[in-house]
Protein chains: 2
Amino acid sequence: MTQSKTDPRVLRTRKLIMDSFIELSGQKEFKDITVKDITTEAMINRATFYYHFQDVYDLLDKVLSEVLLVNLNCSIFEKSDLNEESIIRIFTAITNFQKSLSNRCHRGYEDTISRIIREHLEIVLYKMLLIQHNTKEDAALKTTAVILGWGIYGASVEWRKNGTDKSPEEFIKSSIPYILSGITLDSKN
Amino acid sequence: MTQSKTDPRVLRTRKLIMDSFIELSGQKEFKDITVKDITTEAMINRATFYYHFQDVYDLLDKVLSEVLLVNLNCSIFEKSDLNEESIIRIFTAITNFQKSLSNRCHRGYEDTISRIIREHLEIVLYKMLLIQHNTKEDAALKTTAVILGWGIYGASVEWRKNGTDKSPEEFIKSSIPYILSGITLDSKN
DNA sequence: TTCGATGTGTTGTATATACGACAAATCTAA
DNA sequence: TTAGATTTGTCGTATATACAACACATCGAA
């Protein structure tokens with residue numbers, strides 16, 4: 001499935017680059033981080049950077065993906081159908097991820113971050129929907145995953161803006177019935 | 001003086017190996033640390049280890065030397081004649097070094113550690129004696145450095161065994177007059 | 001004792017990384 | 001605006017590292 005074997009030098013170098021980038025992100029703005037800064041910190045040659053990444057945006061993309069995936073996978077992969085608990089876990093993972101980012105001053109790249117979060121969210125949600133409906137492929141479910149992805153992501157944005165007096169769990173919990181059973185749900189339920 | 005340029009890959013790999021060794025030393029006994037353990041932790045190939053070090057003993061030797069040199073150089077290199085202050089600094093550096101080692105469980109290698117400490121001590125002391133006596137080379141001073149080296153090292157061993165109720169500074173301070181002015185010194189001085 | 005397993009140290013070959021140079025883009029100050 | 005300085009992205013060549021295989025040593029259990 002994954003490529004059978006990757007040269008350890010590649011893994012090591014990528015890790016050095018990514019770690020250095022994360023380290024530097026804590027020290028200065030994204031826009032002030034040069035490739036030279038990164039490679040110096042990582043103790044690798046500048047040309048080697050371009051062997052692994054197209055440019056700093058590509059690196060940002062991959063770092064964010066990786067950090068987010070760690071947050072998502074750990075909490076979900078075994079329990080794989082969509083219920084109240086798993087939705088709460090996903091939502092918590094996302095808010096955690098965004099909190100960890102806000103310390104790191106990636107100002108001006110909210111759009112990149114947002115896109116990455118939604119992309120991964122859709123993949124995970126689609127998988128869970130497929131399992132739940134016991135099927136292999138389904139365009140309607142795919143679209144549903146997209147809608148859910150945007151919706152959940154939007155909720156996390158809203159939580160950061162207006163809801164931080166509640167925990168993420170409380171914040172999302174009251175809406176879950178509408179997600180699970182649909183908007184025509186009787187509110188007395 | 002030092003080799004004009006070393007390949008960064010060499011520096012990086014040596015650092016990875018040394019850091020991994022220090023990390024592992026905190027986890028298990030020296031005798032239980034294999035080359036494979038080190039190279040796995042360092043994310044390098046086992047053969048590469050032998051490109052840089054003869055064996056684990058050679059590594060131990062170099063790691064200890066480096067850690068000790070950091071302790072010694074920072075505290076001394078500018079003040080370069082032997083007086084009360086510099087002796088106290090040297091003694092403190094050595095006891096610090098040994099304290100940091102005792103956390104790291106290198107049981108069974110006290111002899112190696114002792115030898116390395118004394119070797120470096122003799123070099124530093126000899127340099128300082130040469131400066132003090134304003135000469136380039138002198139066999140008597142060299143032997144004196146050896147004697148002083150063994151003596152100061154011995155004092156640090158004694159301090160660890162029986163003197164830890166005092167600070168290293170207090171411990172060595174009262175003997176310094178005898179070192180500086182000789183054992184025939186009148187004790188009323 | 002013998003045997004299987006594990007660790008050591010070495011070697012030849014494939015490949016990732018270092019290096020220096022380069023043109024082009026971007027920024028900064030005058 | 002112009003000119004000088006950084007930064008970016010790319011290339012060819014040299015070299016450090018990866019890998020697999022090897023003989024040998026060491027060790028614990030049968």
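Quick note on labels: first sequence line is chain A, next is B, and so on, each numbered from 1. The analysis underlying the following values was restricted to heavy atoms, covering all of them including side chains, and did not include hydrogens, waters or symmetry mates.
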Checklist line | For A/Y126, ring-ring contact (aromatic ring centres under 6.0 Å, His included) partners two or more places apart | finding: none

Check: Going by side-chain heavy atoms closer than 4.5 Å, which hydrophobic residues are tied to B/Y51, directly or by a chain of links?
Finding: none

Next item on the list: Round to a whole Å and report the spacing from CG of B/D58 to P of C/dG9.
Entry: 10 Å

Next item on the list: Write down the distance between CD1 (A/I33) and P (D/dT7), rounded to a whole number of angstrom.
Entry: 13 Å

Check: Given atom CG of B/N45 and atom P of C/dG9, what is their separation to the nearest angstrom?
Finding: 15 Å

Check: Within this structure, what is the CE-to-C1' distance between B/M43 and C/dT17, rounded to whole angstrom?
Finding: 15 Å

Checklist line | Pairing residues for B/R115 by the side chain to side chain donor-acceptor pair (under 3.5 Å) criterion, not counting sequence neighbours | finding: B/D61, B/E119

Item checked: Other cluster members, B/M43 - Ile/Leu/Val/Met/Phe/Trp/Tyr, side-chain contacts below 4.5 Å -> A/L11

Item checked: Shortest non-hydrogen separation from A/D138 to A/L130 and the atoms involved -> N-CD2, 4.3 Å

Notebook entry, point to check: With sequence neighbours excluded, what pairs up with B/D165 under the side chain to side chain donor-acceptor pair (under 3.5 Å) test?
Noted result: none

Checklist line | Sorted by number, the residues of residues 46-56 of chain A with heavy-atom contact under 4.0 Å to DNA chain D | finding: A/R46, A/A47, A/Y50, A/D55

Note to self: At less than 3.5 Å, do the side-chain atoms of A/R9 and the base atoms of C/dT17 form a donor-acceptor pair?
What the structure shows: no

Next item on the list: Provide, to the nearest angstrom, the distance between the CD1 atom belonging to A/I44 and the P atom belonging to D/dA16.
Entry: 18 Å

Checklist line | Any residue meeting side-chain contact (heavy atoms from CB on, under 4.5 Å) with A/T34, in chain and number order, not counting sequence neighbours | finding: A/K36, A/D37

Margin query: Does C/dT17 have OP1 or OP2 under 4.0 Å away from a side-chain N or O of A/T13?
Written below: yes

Item checked: Divergence of helical axes at both termini of the helix from C/dT1-D/dA30 to C/dA30-D/dT1 - five pairs an end, 10° steps -> 50°

Next item on the list: Measure the distance from CZ on A/R14 to P on C/dT17 and round it to the nearest whole Å.
Entry: 9 Å

Item checked: Separation of atom CG in A/D7 from atom P in C/dA16, rounded to whole Å -> 5 Å

Atom pairs and distances, side-chain donor-acceptor, residues 142-152 of chain A, under 3.5 Å, sequence neighbours left out:
{"residue": "A/T143", "atom": "OG1", "partner": "A/A139", "partner atom": "O", "Å": "3.1"}
{"residue": "A/T144", "atom": "OG1", "partner": "A/A140", "partner atom": "O", "Å": "2.7"}

Notebook entry, point to check: Taking everything shown except B/Q54 itself, do over 12 heavy atoms lie less than 6.0 Å from its CD?
Noted result: no

Next item on the list: Could you check how far NZ of B/K31 sits from C1' of D/dC27, rounded to whole Å?
Entry: 13 Å

